[in-house]
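In what follows, every chain begins at residue 1, and chains take the letters A, B, ... in the order their sequences are listed.
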Amino acid sequence: MSSNVERVKEEIEALEAIFMEDISISYNGQDLPETVKMTIFPSTANDIDKQYVCVTFEAMLPEMYPDIPPIVKLKNPRGLDDSILNSLYDAIKDKCFEFSSQPVIYELIELIRENLTECNLPTCQCAVCLYGFCDGDVFTKTQCFHYFHSFCLAKHLLTTEKHYSEEQDKLPAWQKSTKAFQAACPVCREAINCDVDDLKSAPPPKDLESAQNFSVTSELKMLQCKMQELFSYQKSRGGIIDIEEEENKLLLITNSSDDSSPDVDPGPSLEQVDENNPKSSIDRKFKSDFRKTSR
Amino acid sequence: MAALPRRIIKETQRLMQEPVPGISAIPDESNARYFHVIVTGPEDSPFEGGLFKLELFLPEDYPMSAPKVRFITKIYHPNIDRLGRICLDILKDKWSPALQIRTVLLSIQALLSAPNPDDPLANDVAELWKVNESEAIRNAKEWTRRYAMDT
C-alpha cells in the first residue's frame with residue numbers, strides 16, 4: 001500500500017514540475033491526490049491563434065491507483081465532434097491497459113495532445129449555416145472556442161448590430177442604452193470582439209455549393225395530407241383560431257356595452273359574469289360554437 | 001423567387017429524417033419557407049393529449065432573423081394570445097442563428113409545460129392563472145379536450 005502512495009506522490013510531483021500552473025491537483029481528506037485536471041491544447045509552438053480544438057482532461061485516481069487505472073473524463077470539448085471524442089476514449093483505454101499497474105497520467109496527457117494536434121481543425125459544424133469546415137474555408141474561432149465560417153459570422157454580426165440600432169431608434173431618448181453594441185457568440189452568447197470588415201471579405205463556405213437541392217417526396221405529400229385532415233377536423237370542432245373574427249372581437253370591447261343580444265359577440269371582459277358559468281363571455285361564445293358544431 | 005438557402009434545405013431534410021418526438025414540421029407544397037407544424041401537448045401538463053397546429057414562416061433573412069410562429073389551434077395559455085401569437089424571448093430579442101426550427105419548436109413545447117403568468121400575452125388568462133391556478137388549469141384542459149384532439 002505505502003509503496004503505491006509513494007509512487008503516486010512521485011508521479012504528481014513530476015507532473016507539477018512538467019506542466020506547472022497548467023495542471024491542477026485536488027486532494028482528499030487524507031491529503032492524498034484525488035483528481036488531476038488539465039485543459040489540453042494541440043501543440044502549435046504556443047501559437048494560440050492556431051489552436052482550434054481543446055478539451056479538459058480529468059482523471060480520478062482510485063485508492064488502489066496505479067494498480068487500478070484512473071477514471072478519465074473529457075470535458076468541455078471544443079471543435080471536436082462525438083466520433084473524435086469516442087476514439088479518444090478508446091485510445092485512453094488502450095493506453096491504460098498497456099501501462100497497467102504503472103503511473104500513466106503523463107502518458108495520457110501526451111496521447112490526448114498528439115491526437116488534438118493531428119485533428120487541429122474543427123470537425124463540428126458551423127452553427128450558422130449548419131455545414132462543416134472544408135480545406136480552404138475561411139473560419140473564425142471565437143474567444144469561447146466556437147467556430148464559424150468568417151462569412152457566416154460576419155452576417156450574424158452585421159444583422160444583430162442593425163437590429164440593435166433599429167431597436168434603439170424606436171426608444172425615447174431617456175430609454176436609450178448608453179452602452180455601445182456588444183456582439184455575442186451565436187452559440188453561448190458570450191461577448192465576442194471581432195473585426196467585421198475583415199470577416200465579411202471572406203468567401204462563402206465551400207460545402208454550401210455542393211449541397212443537394214430540395215424536392216417534395218411522396219412521404220412528404222402523405223404527411224401534408226395528414227396535417228390537412230387534422231386541420232379540417234379541428235376546424236369542424238371550432239378549434240381553429242379565426243384571426244378576422246378574433247380581431248373584430250377586440251374591436252368590439254371598446255365599442256359595445258350590450259351584452260343581452262345573443263347574435264352579437266360582446267367580446268371578452270373580466271366584469272361580465274354568467275349565472276351558470278362564472279367565466280368571461282368569450283368562453284360562452286366558444287361553448288355556443290361547440291354546441292353548434294357537435295349537433 | 002430566390003433559391004432556397006442551403007441551410008433551410010438541410011433543416012427540412014433533418015426534420016424529415018430525424019423527427020423530434022412529439023413534434024412534426026413539414027414544408028408547404030407551394031412555399032418551402034412556410035411550415036405546417038404539429039406540437040403534441042407535453043405529458044403532465046394541462047395540454048397533454050392535445051395536438052396543436054402551428055404555422056411557422058422563415059423570413060427572407062433567416063437564420064439571421066427569427067422564424068415567425070403562431071398557434072393555429074385554440075389554446076388556453078397565459079403566454080399565447082387569442083390570435084395564437086406566442087410570447088417567447090428566443091422569437092424576439094434572444095434569437096440567435098444557432099437556433100433552428102427544431103429548437104424553436106422544442107422551446108414552444110417547453111413553454112406549454114411551464115406557463116409564465118408573470119410575463120403575460122393573454123391578460124385575462126394570466127390573471128386567472130395567478131389568482132386561481134386550479135381553475136385556469138381546468139380551463140386549459142377543457143380547451144385541449146375540446147379543440148386540440150384528432151378524433
If you count heavy atoms of other groups shown closer than 6.0 angstrom to NZ of A:Lys141, is the number above 12? yes
Atom pair [atom1] ([X]) and [atom2] ([Y]), whose distance is rounded to the nearest 0.5 Å:
X        : Y        : atom1 : atom2 : result
B:Leu83  : A:Glu244 : CG    : CD    : 11.5 Å
B:Tyr147 : A:Lys235 : OH    : NZ    : 13.5 Å
A:Tyr233 : B:Leu51  : OH    : CG    : 11.0 Å

Min side-chain heavy-atom separation [X]-[Y] under 4.5 Å:
X        : Y        : result
B:Lys74  : A:Ile240 : no
A:His156 : B:Pro63  : no
A:His163 : B:Ser65  : yes

What option among A:Gln228, A:Gln234, A:Lys221, A:Arg189 has the most heavy-atom pairs under 4.5 Å with chain B? A:Gln234
Could you tell me which of A:Asp242, A:Leu223, A:Val128 has the largest number of non-hydrogen atom pairs under 4.5 Å with chain B?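 Highest number of heavy-atom pairs under 4.5 Å: A:Val128.
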What residues, two or more places apart in sequence or in another chain, satisfy salt bridge (charged side-chain N to carboxylate O under 4.0 Å, His left out) together with B:Lys92? none
Side-chain donor or acceptor of [X] paired with backbone N/O of [Y] under 3.5 Å:
X        : Y        : value
B:Arg146 : A:Gly239 : no
A:Lys155 : B:Met64  : no
A:Glu246 : B:Gly84  : no
B:Lys53  : A:Leu230 : no
B:Arg6   : A:Cys129 : no

Given the options B:Ser96, B:Pro97, B:Ala148, which has more heavy-atom pairs under 4.5 Å with chain A than any of the others?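 Of the options given, most contacts go to B:Pro97.
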With a strict 4.5 Å heavy-atom criterion, list every residue of residues 166-186 of chain A that contacts chain B, or say none. A:Pro186
Would you mind checking which part of [X] comes under 4.5 Å of any heavy atom in chain B, side chain (CB onward), backbone (N, CA, C, O), both or neither?
X        : result
A:Gln125 : side chain
A:Cys152 : backbone
A:Phe231 : both
A:His146 : neither

Would you sort out whether B:Thr73 and A:Ile241 count as a side-chain contact (heavy atoms from CB on, under 4.5 Å), showing the intermediate values? CA-CA 6 Å; B:Thr73 304; A:Ile241 296 170; over 6 Å; no
Side chain / backbone / both / neither for B:Asp61 at chain A, heavy atoms under 4.5 Å: side chain
Please flag which part of B:Arg70 lies under 4.5 Å from any non-hydrogen atom of chain A: side chain, backbone, both or neither. side chain
Is there a side-chain contact (heavy atoms from CB on, under 4.5 Å) between A:Lys226 and B:Ser24? Walk through the geometry before answering. CA-CA 11 Å; A:Lys226 267 194 179 163; B:Ser24 41; over 6 Å; no
